[in-house]
Amino acid sequence: MTLRLATAGESHGPALVAILTGLPAGLVLDRDAIDADLKRRQEGYGRSPRQQIEQDRVEVLAGLRHGRTLGTPLALVVRNVDHKNWTWGMSPWPPEGEPAGKGTKPVTLPRPGHADLAGVLKYGHADVRDALERASARHTAVHVAAGAVAKALLGTIEVEVEGSVVDEDALRVRIDEARSQRDTVGGVVEVRARGVPPGLGTYADKADRLDGRLAAAVMGIQAVKGVEIGDGFALATRFGSEAHDEIRTDRHRDTNHAGGLEAGTSNGEEIVVRAAMKPLPTLMKPLASVDLQTGEPAQALVERSDVAAVEALAVVAEAAVAWELARAAHEKFGGDAVGDFVGAWRAYVERIGWR
Ligand SMILES: Cc1cc2nc3c(=O)[nH]c(=O)nc-3n(C[C@H](O)[C@H](O)[C@H](O)COP(=O)(O)O)c2cc1C
């Protein structure tokens, strides 16, 4: 059965929800490990005070008993603690009483670089908030929770996934500079997956190529504008003799320019995926826009926002890569019970004589 993930939830609505289907039964989950990843997502240099308001915690509504998956859909919830200030503005039903709290006035000033203009045009909204509430990266919280579950599954076959910021010191200097100028910045993150056996993904069909699936998973994260695998774009400027990883008699490599993927298939080396994040679009010194109500030139919406969220992206990208690798591993090894999954993995690595 294929692992599937569906999410729902607005940024200031009551809660964020994820439903994970296809997980094998008997997988041990650790609430503290999931909450620790949720906390990592909220931290980082350049984040706004909103991150202190939330203190995300996972709740499980279904699919788990005494810390073990049941093989049934796993339903995860992360509540938006800040919703208490938006109960009128983000009420799912027509609100009762006088407008109070936040989100009571329609937003009509779309921000360049955000979902605002495309969102209202596409869905026919009059209030930009109807688009931005879901487009916002707030719901990456439940993707991170799902990623923590994926990492637990990958852990049973000795795969580890870790995201980090590339060139963190230089980024901090740029964040300080941006903050002093009331501006925003982006940056680059890297996700490494160790212990991935050769043979996840395939070259047989384009849609099943693991390089494409990982690229789509990471590109699908808010604010990501570039993805590369291994040496990526730099490979375009090298000779072939400098670009490919020679094969030793033990079938490993001394270099890893390919980032662990050849022909859309894992080759047994570390998988390395990098993502470029654009500067966050909500600016304290707003760019030119249009007032959608009057049609007059105006400045874009100003809202409390982060200066940078690159460290958070490292955690979100780690979760996205973990989810996709867990899906690919489960497609290959299968199993309704986690023991079947691990047993199939063990038989396979024995057959190919892999480490
Ligand atoms: C972890 C994370 C946090 C973000 N925080 C903000 C933010 O505080 N303010 C903002 O304007 N954009 C933020 N973004 C980026 C926007 O969500 C994103 O630019 C917007 O949804 C438009 O999508 P696109 O950039 O993929 O085109 C964040 C993105 C991520 C991944």
Side-chain angles (χ1 to χ4, degrees), residues 7 9-13 16 37-54 56 78 80 82 102 107 109-123 125 128-148 163-166 171 175 178-179 182-191 215-227 273-287 289 299-323:
T7 72
E10 278 71 41
S11 188
H12 300 98
L16 309 165
D37 276 353
L38 292 176
K39 186 161 185 284
R40 283 171 64 219
R41 192 200 71 93
Q42 294 189 283
E43 291 171 345
Y45 206 64
R47 303 304 305 276
S48 82
R50 165 144 199 211
Q51 305 311 322
Q52 277 101 56
I53 303 175
E54 295 289 338
D56 291 334
V78 175
N80 290 321
D82 199 23
K102 298 184 179 171
V107 178
L109 309 171
R111 292 160 295 175
H114 219 297
D116 307 354
L117 183 59
V120 293
L121 294 176
K122 176 176 168 68
Y123 291 102
H125 296 312
V128 168
R129 181 157 303 287
D130 288 339
L132 70 86
E133 279 285 328
R134 176 65 180 167
S136 135
R138 166 70 191 142
H139 76 267
T140 57
V142 277
H143 285 268
V144 167
S164 63
V165 171
V166 173
L171 175 68
I175 291 174
R179 188 183 280 115
R182 301 170 65 230
D183 215 324
T184 62
V185 285
V188 177
V189 303
E190 180 176 275
V191 182
V218 174
M219 184 62 97
I221 302 169
Q222 290 87 340
V224 172
K225 279 295 198 186
V227 178
V273 183
R274 249 176 251 110
M277 183 181 209
K278 72 187 190 185
L280 304 179
T282 308
L283 301 179
M284 292 301 124
K285 286 188 299 187
L287 296 175
S289 183
Q299 289 193 317
L301 168 73
V302 178
E303 255 199 353
R304 183 180 57 201
S305 178
D306 299 339
V307 176
V310 188
E311 287 177 64
L313 175 65
V315 181
V316 177
E318 171 185 300
V321 167
W323 179 260

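Counting starts at 1 for both ligands and their atoms, following the listed order.
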Go through it in stages, so that I can follow the logic: the residues are R134 and E10, the test is salt bridge (charged side-chain N to carboxylate O under 4.0 Å, His left out), and I'd like the CA-CA distance, side-chain angles, deciding distance and then a yes or no. CA-CA 5 Å; R134 176 65 180 167; E10 278 71 41; 5.3 Å; no
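Counting only distance, with no hydrogens or angles, the side chain of S289 and the backbone of A300 share no donor-acceptor pair below 3.5 Å.
Side-chain contact between R111 and L132 is present, with at least one heavy-atom pair separated by less than 4.5 Å.
In this structure, R179 is positioned above the aromatic face of Y45, its NZ or CZ under 6.0 Å from the six-membered ring centre and within 45° of the axis.
Interatomic distance, CG of L109 versus CG of L117, reported as 12.0 Å (0.5 Å rounding).
The number of heavy atoms from other shown groups lying within 6.0 Å of NZ (K39) does not exceed 12.
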Find all protein N or O atoms under 3.5 angstrom from an N or O atom of ligand 1 and list the pairs with distances, or write 'none'.
residue	atom	partner	partner atom	Å
ligand 1	8 (O)	S305	OG	3.2
ligand 1	8 (O)	D306	N	3.2
ligand 1	8 (O)	D306	OD2	3.4
ligand 1	9 (N)	S305	OG	2.7
ligand 1	11 (O)	T282	N	2.9
ligand 1	11 (O)	T282	OG1	2.4
ligand 1	21 (O)	A135	O	3.2
ligand 1	25 (O)	A223	N	3.0
ligand 1	25 (O)	K278	NZ	2.8
ligand 1	26 (O)	A223	N	2.9
ligand 1	27 (O)	K278	NZ	3.2

